Undergrad: 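The structure under discussion is supplied below as structure tokens; questions concerning it will follow.
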Amino acid sequence: MRRALILLSVLALLGGPGLVAQAPPPAAKEAPVDCIFCRIVAGKAPSKKVYEDQYVLAFWDIRPRAKVHLLVIPKQHVASLKELDELPVETRAALLSACVRVAKDQGILDKGFRVITNAGKDASQSVFHLHFHVVGGEQLREDAITKDPTPQP
Ligand code: 5GP
Ligand code: ZN
């Protein structure tokens, strides 16, 4: 009996199959120290928060380009929508739910709002921590999808 117990302990120390808890899911990548949105999540940079849960944070854009202009971000750092698969599925769901929730809280759900995410250079992404812009509160331009119109002669 004693020998069996010793064997179990040794196997457990070695991470033997079936004896210890499953390996944890791959750890989240370390957040870059210079990421402004990570600093906001950590409370090291100020923000006008409107919503927070265990997965996401929502706050006012520092340079609002509509009457309502909020940013919804995952607390875990990923650079853009291109890295969405690196986030746990709960966080992915929480991001979209939070977009609707903050729109509702701001009273812009019924009249309409827009959710945008810029991913990469061609989309003019400037902060490389995934974020969704939630904008509304007034009539928005019909087309926020294409490049700036070429000036007519
Ligand atoms: P992007 O161009 O990457 O899609 O959007 C980045 C957004 O982040 C911009 O709308 C910009 O105004 C906003 N932003 C940049 N730095 C800060 C900041 O320190 N605080 C807040 N609240 N917004 C920021
Ligand atoms: Zn970050």
Side-chain angles (χ1 to χ4, degrees), residues 12-15 17 19-153:
L13 280 173
L14 294 174
L19 293 172
V20 287
Q22 294 284 305
K29 280 186 197 157
E30 207 154 298
V33 282
D34 56 346
C35 173
I36 180 61
F37 288 177
C38 281
R39 288 176 53 76
I40 287 175
V41 169
K44 292 179 180 157
S47 71
K48 274 171 66 184
K49 261 182 226 175
V50 293
Y51 176 71
E52 179 172 14
D53 63 28
Q54 68 186 111
Y55 306 110
V56 303
L57 184 66
F59 51 91
W60 278 86
D61 194 291
I62 203 166
R63 196 168 68 84
R65 271 147 285 155
K67 284 222 173 94
V68 175
H69 186 173
L70 307 170
L71 300 172
V72 175
I73 70 168
K75 287 186 168 178
Q76 181 179 328
H77 178 93
V78 291
S80 78
L81 198 62
K82 291 188 279 182
E83 288 77 27
L84 186 73
D85 287 351
E86 293 176 19
L87 291 174
V89 70
E90 293 83 358
T91 308
R92 297 183 226 166
L95 281 166
L96 279 185
S97 290
C99 289
V100 179
R101 183 183 181 130
V102 296
K104 187 174 181 194
D105 291 348
Q106 295 294 326
I108 61 171
L109 199 64
D110 290 341
K111 288 191 91 179
F113 63 101
R114 186 172 284 159
V115 177
I116 304 162
T117 189
N118 297 317
K121 181 179 140 301
D122 274 3
S124 304
Q125 183 178 2
S126 62
V127 175
F128 287 83
H129 179 130
L130 172 62
H131 53 280
F132 292 92
H133 299 256
V134 177
V135 287
E138 61 187 316
Q139 184 64 55
L140 302 173
R141 271 198 302 142
E142 189 182 338
D143 183 357
I145 293 174
T146 56
K147 62 183 181 177
D148 284 337
T150 8
Q152 299 300 312

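Along the sequence shown, the residues carry numbers beginning at 1. This one's a predicted model, so the numbers in the text were calculated from it and none came from an experiment. When a ligand or atom number is given, it counts from 1 through the structure's own listing order. For the numbers below, each heavy atom of this structure counts, side chains included, while hydrogens, waters and symmetry mates do not.
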Undergrad: Look at atom 15 (C) of ligand 1 and say which protein heavy atom is nearest, naming residue and atom and giving the distance to 0.1 Å.
TA: Val127 CG2, 3.8 Å
Undergrad: Any side-chain heavy atom of Leu57 within less than 4.5 Å of one from Lys49?
TA: yes
Undergrad: Please determine whether a side-chain nitrogen of the Lys or Arg among Lys111 and Glu138 lies less than 4.0 Å from a carboxylate oxygen of the Asp or Glu.
TA: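 No salt bridge links Lys111 with Glu138.
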Undergrad: For atom 13 (C) of ligand 1, find the nearest protein heavy atom and state the residue, atom name and distance (0.1 Å precision).
TA: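 Of every protein heavy atom, Asp61 OD2, 3.4 Å lies nearest to atom 13 (C) of ligand 1.
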Undergrad: Can you check whether Glu52 reaches Lys75 side chain to side chain, under 4.5 Å on heavy atoms?
TA: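 With C-beta onward as the side chain, the pair touches.
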Undergrad: Report yes or no: does Ser124 have a heavy atom closer than 4.0 Å to ligand 1?
TA: yes
Undergrad: Under 4.0 Å, counting heavy atoms only: does Phe37 come that close to any atom of ligand 1?
TA: yes
Undergrad: Does only the side chain of Ile116 get under 4.0 Å from ligand 1, or the backbone, or both, or neither? Count heavy atoms.
TA: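 Neither; nothing of Ile116 gets under 4.0 Å from ligand 1.
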Undergrad: Between His131 and His133, does the ring centre distance come in under 6.0 Å?
TA: yes
Undergrad: Considering only heavy atoms of Gln125, which atoms of ligand 1 have at least one such atom less than 4.0 Å away?
TA: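 In order of numbering, the contacting atoms are 3 (O).
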Undergrad: For the atoms ND1 of His77 and ND1 of His129, give the angle they form at the Zn ion (ligand 2), rounded to 10 degrees.
TA: 100°
Undergrad: Who's the nearest protein heavy-atom neighbour of atom 14 (N) of ligand 1, and how far?
TA: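 Result: Ile62 CG2, 3.8 Å.
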Undergrad: Is the closest side-chain heavy-atom distance between Phe132 and Leu81 below 4.5 Å?
TA: yes
Undergrad: Considering both backbone and side-chain atoms of Ser126, is one of its nitrogen or oxygen atoms within less than 3.5 Å of a nitrogen or oxygen in ligand 1?
TA: yes
Undergrad: So which heavy atom in the protein is nearest atom 22 (N) of ligand 1, and how far is it from that ligand atom?
TA: Trp60 O, 2.9 Å
Undergrad: For residues Asp61 and Leu70, determine if any side-chain heavy atom of one lies less than 4.5 Å from a side-chain heavy atom of the other.
TA: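 No, every pair of side-chain atoms sits at 4.5 Å or beyond.
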Undergrad: Nearest protein heavy-atom contact for atom 19 (O) of ligand 1: which residue, which atom, what distance?
TA: Ile36 CG1, 3.3 Å
Undergrad: For ligand 1, which atoms, with element, lie under 4.0 Å from some heavy atom of His133?
TA: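 That gives atoms 1 (P), 4 (O), 5 (O), 7 (C), 10 (O) of ligand 1.
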Undergrad: Which residue supplies the protein heavy atom nearest to atom 1 (P) of ligand 1, what is that atom called, and how far is it?
TA: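 Looking only at protein heavy atoms, the one closest to atom 1 (P) of ligand 1 is His131 NE2, 3.2 Å.
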Undergrad: For Tyr51, does its backbone N or O pair with a side-chain atom of Arg101 as donor and acceptor, under 3.5 Å?
TA: no
Undergrad: Determine whether any heavy atom of Lys48 lies closer than 4.0 Å to an atom of ligand 1.
TA: no
Undergrad: Measure the shortest side-chain to side-chain distance between Val134 and Val68 over non-hydrogen atoms and say whether it is less than 4.5 angstrom.
TA: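 With C-beta onward as the side chain, the pair stays apart.
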Undergrad: Provide the closest heavy-atom pair for Ala66 versus Gly136 in the form atom of the first, atom of the second, distance.
TA: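 Ala66 and Gly136 have their closest heavy atoms at CB-O, 3.8 Å.
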Undergrad: Look at atom CZ of Arg65 and say whether more than 12 heavy atoms of other residues, nucleotides or ligands are closer to it than 6.0 Å.
TA: yes
Undergrad: To 10°, measure the SG(Cys35)-the Zn ion (ligand 2)-SG(Cys38) angle for me.
TA: 120°
Undergrad: In the protein, which heavy atom is nearest to atom 10 (O) of ligand 1, and how far is it?
TA: Arg65 NH2, 2.2 Å
